[in-house]
Amino acid sequence: MESGDFLQLVLSRQSDRAYDKERPVEADKLERILEAGRMAPSACNAQPWKFVVITDRELALKIGKAAAGLGMNKFAKDAPVHILIVEESANITSLLGGKVKDKHFPLIDVGIAAAHITLAAESEGLGSCMLGWFDEKEMKRLTGIPAFKRVLLDIAIGYPVKEKRKKMRKPKEKVVSYNSYK
């Protein structure tokens, strides 16, 4: 990889909210995206996730509808792929460490895996959007995810149909300081 390639990937990745519903995502691209998520680092290598991948057109439409509500995520029904990230049990080392440090590492770990997935999608020429607003009970019903499990994220993936937007972020001075908190 050339110097700057990764930063360029990060700069080009955005939350896409419009997809070509007629264009499916190729299986080989999807496999590389899933591998990027699978290989993400996690506390004590617990890998506390399961990726439930929705590729069936009818089911993707239903999952998309379950992600919409109160005016939110209307676009989700057009995404040809949804990756539901289900929280799984952390290993004992991660759980004990979390108790000692009062941190729930699986939430951090799932965030890292989701970032890997969305960046991999961008590298494959696909758009993505992480959705946290959805009808979890309906998604579980549609996919057979056990009631006691938590669906933490739905990542919509597809070919974007809108141009890239200018990225809006806080200035560096507001989010970065060296050697002390300023």
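Only a predicted model underlies this, so the values are computations on that prediction, with no experimental measurement involved.
- One finds the CD atom of E35 at 12.0 Å from the CD1 atom of I33 (value rounded to the nearest 0.5 Å).
- Using a 4.5 Å cut-off between side-chain heavy atoms of Ile, Leu, Val, Met, Phe, Trp and Tyr, with links allowed through other members, Y178 and V175 fall into the same hydrophobic cluster.
- More than 12 heavy atoms of other residues, nucleotides or ligands shown are found within 6.0 angstrom of NZ on K149.
- Using modelled atom types, no side-chain atom of K29 and backbone atom of G125 make a donor-acceptor pair closer than 3.5 Å.
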Apply the test side chain to side chain contact (heavy atoms under 4.5 Å, CB included) to residues F51 and I85: give CA-CA distance (whole Å), side-chain angles for both, the deciding distance (0.1 Å), then the verdict.
-> CA-CA 5 Å; F51 307 135; I85 304 185; 4.0 Å; yes

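- With side-chain heavy atoms closer than 4.5 Å counting as contact, directly or through intermediates, the hydrophobic cluster containing I54 also holds V52, L59, I63, L84, V86, F134, M139, L142, I145, V151.
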Side chain to side chain donor-acceptor pair (under 3.5 Å) between R13 and S123: does it pass, once the steps are laid out?
-> CA-CA 9 Å; R13 193 260 153 207; S123 77; over 6 Å; no

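- Residues A40 and W49 come closest through the heavy atom pair O-CH2, 3.5 Å.
- Side-chain N or O atoms of K162 include none that pairs as donor or acceptor with a backbone N or O of R17 at under 3.5 Å.
- At least one side-chain heavy atom of R150 sits under 4.5 Å from a side-chain heavy atom of E136.
- Here the NE2 atom belonging to H82 is positioned 10.5 Å from the NZ atom belonging to K77, to the nearest 0.5 angstrom.
- Checked by atom type and distance alone, the side chain of Q47 pairs as donor or acceptor with a backbone atom of N45 at under 3.5 Å.
- You'll find the side chain of S128 reaches within 4.5 Å of the side chain of I157, heavy atoms only.
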Could you list the donor-acceptor pairs under 3.5 angstrom formed between side-chain atoms of residues 64-75 and any protein atom two or more places apart in sequence or on another chain?
residue	atom	partner	partner atom	Å
N73	ND2	A67	O	2.9
N73	ND2	W133	O	3.0

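- Across all their heavy atoms, A147 and K140 have their closest contact at O-NZ, 2.8 Å.
- For the residue pair K167 and V10, the shortest heavy atom distance occurs at NZ-O, 2.9 Å.
- Contact detail for A156 and A79: the closest heavy-atom pair is CB-CB, 3.8 Å.
- With values rounded to the nearest 0.5 angstrom, L119 atom CG is found 5.0 Å from L9 atom CG.
- Contact between P80 and Y19 at its shortest, heavy atoms only, is CD-CB, 4.4 Å.
- Once rounded to the nearest 0.5 Å, the distance linking NE2 of H116 with CZ of R38 reads 12.0 Å.
- Neither L126 nor V161 shares a network with the other; the hydrophobic side chains, linked directly or stepwise wherever heavy atoms of I, L, V, M, F, W or Y lie under 4.5 Å apart, form separate groups for each.
- From E122, atom CD reaches atom CD of Q8 across 9.5 Å, with rounding to the nearest 0.5 Å.
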List, one per line, each side-chain donor-acceptor pair under 3.5 Å for residues 93-112, sequence neighbours excluded.
residue	atom	partner	partner atom	Å
H104	NE2	E87	OE2	2.6
D109	OD1	A43	N	3.0
D109	OD2	A43	N	3.2

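- Checked by atom type and distance alone, the side chain of R165 pairs as donor or acceptor with a backbone atom of S15 at under 3.5 Å.
- Considering CG of D154 and CG of L131, their distance stands at 4.5 Å, rounded to 0.5 Å.
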